[in-house]
Amino acid sequence: MDLLATTHASLAIVNLVFALVALAIGFAAGAWVCGSGKSPKGDAAPKPSPADRLEKQIEVERNMMASDRLRDLAKGVASDVSDHNKSIGAIEANLAAAKSNGAASEADVVNAMASIAAANEALQGKLQMAEAQIKDQAEQIKTHESEARTDSLTALSNRRAFDDEMKRRLAEWHRNGTPLSLLIMDVDHFKKFNDTHGHQAGDEVLKSVGQALQECCRDMDMPCRYGGEEFAIVMPATEGGAGGTLAERVRKAIEAMVVSFEGKSLKVTMSLGLAQARSDEDSADLLKRADAALYESKDAGRNNAHLHNGEKCVPISPHVVAAATPEPAPAAAAPDRAPTVVLDALPNRTRFLENLRQGVRDAEDSRTPLTLLTTELEGHETLVAEFGDAVARLTLDSVAQFLDNALRDNDQLGRLGESQFVVLMPETAADEASAIAKRIGAALSQCHVPLGDRTLQLTTRSGVTELTAEDSAVTLMRRAEASLLLAEPENGVLV
């Protein structure tokens, strides 16, 4: 009988554990559902749209069903344990009564043991089934929670995930000074597109946009579907210049995208707004400035991007810069136009030298080549004299934008002087850098900037300087600047 008592106690403990696990998972699911309407700090969530409310209702219903199912399983396990205990108790009582009357035989004990073994086996089968069902429901809850942060159509992060990421990255910015930029964007004339081609075609376009955003973004970026045809990219550790480069990459990718649907080739464009977080603003302030830049892009004719620099919106897209170039006028009468994002965001000589020091250390540690490419726009002084500072700066910004887009992801663009640029090219030997410089120079020579009834042809001179074993960052920079002074114009390259 001691064996029976031990078996009975062990099974009761196992049963209790399974029941408690089921109840705990059910309670956690219910708590998650009840608490998901609040932000991590307990702030009230933004007022949801009708579509958001419907999605939320479906999500809550899913999790409530999973939680209810877990509670049912827990009740079933408890009932099975109770039935098992009653069955074991009856067998023990019958055997004890027979023993007290002196009528218990060896066969009665064997039969009692067989009955207990059968009861244990039946309960074990039910427990295994319940355990499998508990695991399945727990996985469903995890899946629902993941789905609740992912847009089902585009597979991008949804508005809830966006809000959480913005809070986290802004806190990181305020705490550590890690830069943060936000890019928001709309598919142009999407309502008209849906009216013309139908909502299914519109859904295919949104799916393709989502895929394009994922392909354009870096690993650290978070692309999101903000709502409807609105999208956003949270860009941690990103200043305005890099954000502008990504904005143009996205704009060009969407412009080049072709969506095949029911035998038709569909194309759309996108307008974008960029803002970099400031020390005195919260998530709503940053979003407001990015939104203002987005609407500036729409007002400028769509299919372009603007940056809100904290004071005003300035264009990022080169074709917007060209379209905004003023008519030729005396220098004193030149309009007061703000320079665009790329030129203002470039590191100056001092800051670039700090980046170069790190680049030299990395090259020495990895024993890989490192080269500086220096480029100067010819005729800058003449441009200022004839057309004024505003036109000259817009032209320089066009060159900076062109260079920024033409370079590779790991190249770093900086500014040496008023019309001089420098590029840090890691893991690049002089011959490869020279080939890149020639291609850039040839392409720039084909660029024509309209200036009223005249056209400006861009001409540059370039120099290429490779790191040697005797170089420090300072000596390498000096040699690079000297090579630029000795380089021939007409897109010449001096190595």
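Counting begins at 1 with the first residue of the sequence. In this text, all values refer to a predicted model and were calculated from it rather than measured experimentally.
- S297 places a side-chain N or O within 3.5 Å of a backbone atom of H306 that can act as its donor or acceptor partner.
- Between D285 and R278 there is no salt bridge, since no side-chain nitrogen of the basic residue lies less than 4.0 Å from a carboxylate oxygen of the acidic one.
- Using modelled atom types, no side-chain atom of N158 and backbone atom of R225 make a donor-acceptor pair closer than 3.5 Å.
- For an aromatic pair to be called close, the ring centres must be under 6.0 Å apart, and F193 with H189 fails this.
- Sorted pairs that involve residues 262-276 and meet salt bridge (Lys or Arg N to Asp or Glu O under 4.0 Å), not counting sequence neighbours, are lacking altogether.
- Between the side chain of T238 and the backbone N or O of P236, at least one donor-acceptor pair lies under 3.5 Å.
- Checked for salt-bridge contact, K252 and E255 miss the test: no charged N lies under 4.0 Å from a carboxylate O.
- The side-chain contact (heavy atoms from CB on, under 4.5 Å) with I184 is formed by just one residue from the set L287, L274, L272; it is L287.
- Residue pairs satisfying the salt bridge (Lys or Arg N to Asp or Glu O under 4.0 Å) criterion with at least one member in residues 352-371, sequence neighbours excluded, are absent.
- Test R159, R149, R169 against D164 for salt bridge (Lys or Arg N to Asp or Glu O under 4.0 Å) and you get one pass: R149.
- Under 4.0 Å is where a charged nitrogen must lie from a carboxylate oxygen, and between R349 and E481 at least one such pair does.
- The side-chain contact (heavy atoms from CB on, under 4.5 Å) with M425 is formed by just one residue from the set V464, L372, I436; it is I436.
- Using a 4.0 Å cut-off between a side-chain N of Lys or Arg and a carboxylate O of Asp or Glu, R351 and E239 qualify as a salt bridge.
- Residues meeting the side chain to side chain contact (heavy atoms under 4.5 Å, CB included) test with S366, sequence neighbours left out: T368.
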